[in-house]
Amino acid sequence: MTLTLTVSDEVRALAPGFTHIAVEAQGLVNGPSTEGTSALLDDAARRLAVRLDGRPVHEDPHMAAWRETYTAFGSKPNRTRNSAEALAKRALTDAGLPRINVLVDIYNAISVAHLIPVGGEDTDHIQGAMNLVRATGDEDFVTVAAGEETVEHPDAGEVVWRDDAGVTCRRWNWRQGPRTRLTETSVSAIFLLESLAPMPVAEVEAAGAELAELLEKFSPGARITVHAPA
């Protein structure tokens with residue numbers, strides 16, 4: 001793997017059933033949302049509705065597992081939902097899913113269709129390795145509030161993704177920072193699909209394979225590597 005990813009022993013102890021799959025891509029072509037990515041998002045919402053079969057999103061076993069894990073590190077899952085649950089709830093409203101850009105639309109569609117938290121990071125803006133750790137509370141998380149850049153600090157014990165420059169995503173997969181976000185000029189990325197038991201690893205692998213296929217479709221010629229579950 002070009003980019004080193006590590007999961008700390010403390011996080012493994014907190015969530016023994018945690019699995020992640022990384023999809024690395026170079027030579028991507030991004031840009032504004034298209035009719036094609038809009039159709040992907042609509043289809044993902046339809047697949048989600050079939051999957052839930054009338055149940056609320058939070059009652060899905062995988063989402064329930066994430067809620068238990070969020071509670072275990074001191075987060076309130078009704079206030080700070082994991083990214084997949086938050087997207088799924090939006091998908092089921094009349095407004096539907098937001099259209100952001102081609103790459104974000106693709107991974108959001110995979111997240112909703114499979115009910116798996118999926119994140120995308122611009123590897124050209126990552127400094128050093130990416131580490132999933134329990135925060136000390138002193139780390140910097142640079143975000144935007146009221147239109148202005150501001151620095152927050154995670155809670156002590158909160159699970160965060162971070163690189164050498166600071167936190168890239170708070171509360172595991174709740175809020176991504178703007179520094180590594182995929183923009184319309186992004187050409188290199190790493191996508192992370194994250195799951196907990198009881199979701200079978202084979203289902204996460206299927207979602208990763210589908211993501212890779214869509215990246216190839218929308219960025220012909222891109223160099224894409226799907227890494228083994230870890």
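Note that the structure is a prediction, hence the values are computed from the model and not measured.
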- Message: Restricting to non-hydrogen atoms, name the atom on L92 and the atom on L52 that form the minimum distance, rounded to 0.1 Å.
- Response: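 Result for this residue pair: CD1-CD1, 3.7 Å.
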- Query: If we only count heavy atoms from C-beta on, is the T168 to Q176 side-chain gap below 4.5 Å?
  - Reply: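 Counting from C-beta outward, T168 and Q176 never come under 4.5 Å.
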- Task: For the residue pair H153 and E139, establish whether any side-chain heavy-atom pair is separated by less than 4.5 Å.
- Result: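 In short, these two side chains do not touch, never coming nearer than 4.5 Å.
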- Does L5 belong to the same Ile/Leu/Val/Met/Phe/Trp/Tyr cluster as I224, with side-chain heavy atoms less than 4.5 Å apart forming each link?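 L5 does not cluster with I224.
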- With the 4.5 Å side-chain cut-off for hydrophobic clustering, are F191 and F18 part of the same group?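 No.
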For residues [X] and [Y], is any side-chain donor paired with an opposing acceptor at under 3.5 Å?
X: T180; Y: D122; answer: no
X: S186; Y: N30; answer: no
X: N82; Y: R67; answer: no
X: N173; Y: Y70; answer: yes
X: E194; Y: W161; answer: yes

Can any side-chain N or O of [X] pair as donor or acceptor with the backbone N or O of [Y] at less than 3.5 Å?
X: N131; Y: V133; answer: no
X: T150; Y: A145; answer: no
X: Q127; Y: A165; answer: no
X: R162; Y: V167; answer: no

Atom pairs and distances, side-chain donor-acceptor, residues 102-112, under 3.5 Å, sequence neighbours left out:
{"residue": "D105", "atom": "OD1", "partner": "I100", "partner atom": "N", "Å": "2.9"}
{"residue": "D105", "atom": "OD2", "partner": "S33", "partner atom": "OG", "Å": "2.6"}
{"residue": "D105", "atom": "OD2", "partner": "T37", "partner atom": "OG1", "Å": "2.9"}
{"residue": "S111", "atom": "OG", "partner": "I116", "partner atom": "O", "Å": "2.7"}

- Going through the distances and angles, do S75 and T80 end up as a side chain to side chain donor-acceptor pair (under 3.5 Å)? CA-CA 7 Å; S75 187; T80 55; 2.6 Å; yes
- Interatomic spacing from CD1 in I190 to CG in L182 - rounded to 0.5 Å: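 It is 11.0 Å, given to the nearest 0.5 Å.
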- What's the spacing between R99 CZ and L40 CG if we round to 0.5 Å?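 Rounded to the nearest 0.5 Å, the CZ-CG separation comes to 9.5 Å.
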- Query: Hey, mind stepping through E85 and H58 against side chain to side chain donor-acceptor pair (under 3.5 Å) and telling me if it holds?
  - Reply: CA-CA 7 Å; E85 183 179 337; H58 67 268; 5.1 Å; no
- Message: Taking salt bridge (charged side-chain N to carboxylate O under 4.0 Å, His left out) as the definition, give me every residue that meets it alongside E203, ordered by chain and number, with sequence neighbours left out.
- Response: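 Scan of E203 (salt bridge (charged side-chain N to carboxylate O under 4.0 Å, His left out), adjacent residues dropped) gives R51.
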- Task: Please check if atom CG in D9 has more than 12 non-hydrogen atoms from other residues, nucleotides or ligands closer than 6.0 Å.
- Result: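 Not buried by this count: 12 neighbours or fewer within 6.0 Å.
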- Message: Between E210 and R47, does the salt bridge (charged side-chain N to carboxylate O under 4.0 Å, His left out) criterion hold? Intermediate values first, please.
- Response: CA-CA 14 Å; E210 185 178 350; R47 291 166 66 181; 2.8 Å; yes
- Message: Is there a salt bridge (charged side-chain N to carboxylate O under 4.0 Å, His left out) between E121 and R181? Walk through the geometry before answering.
- Response: CA-CA 5 Å; E121 307 278 357; R181 191 173 292 162; over 6 Å; no
- Scan L132, L193, V7 and name whichever one has a side chain to side chain contact (heavy atoms under 4.5 Å, CB included) with H20.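 Result for side chain to side chain contact (heavy atoms under 4.5 Å, CB included) with H20: V7.
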- Message: Parallel, tilted or perpendicular, judged at 30° and 60°: which one describes the rings of F73 and W172?
- Response: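 Tilted, since the angle between the ring planes falls between 30° and 60°.
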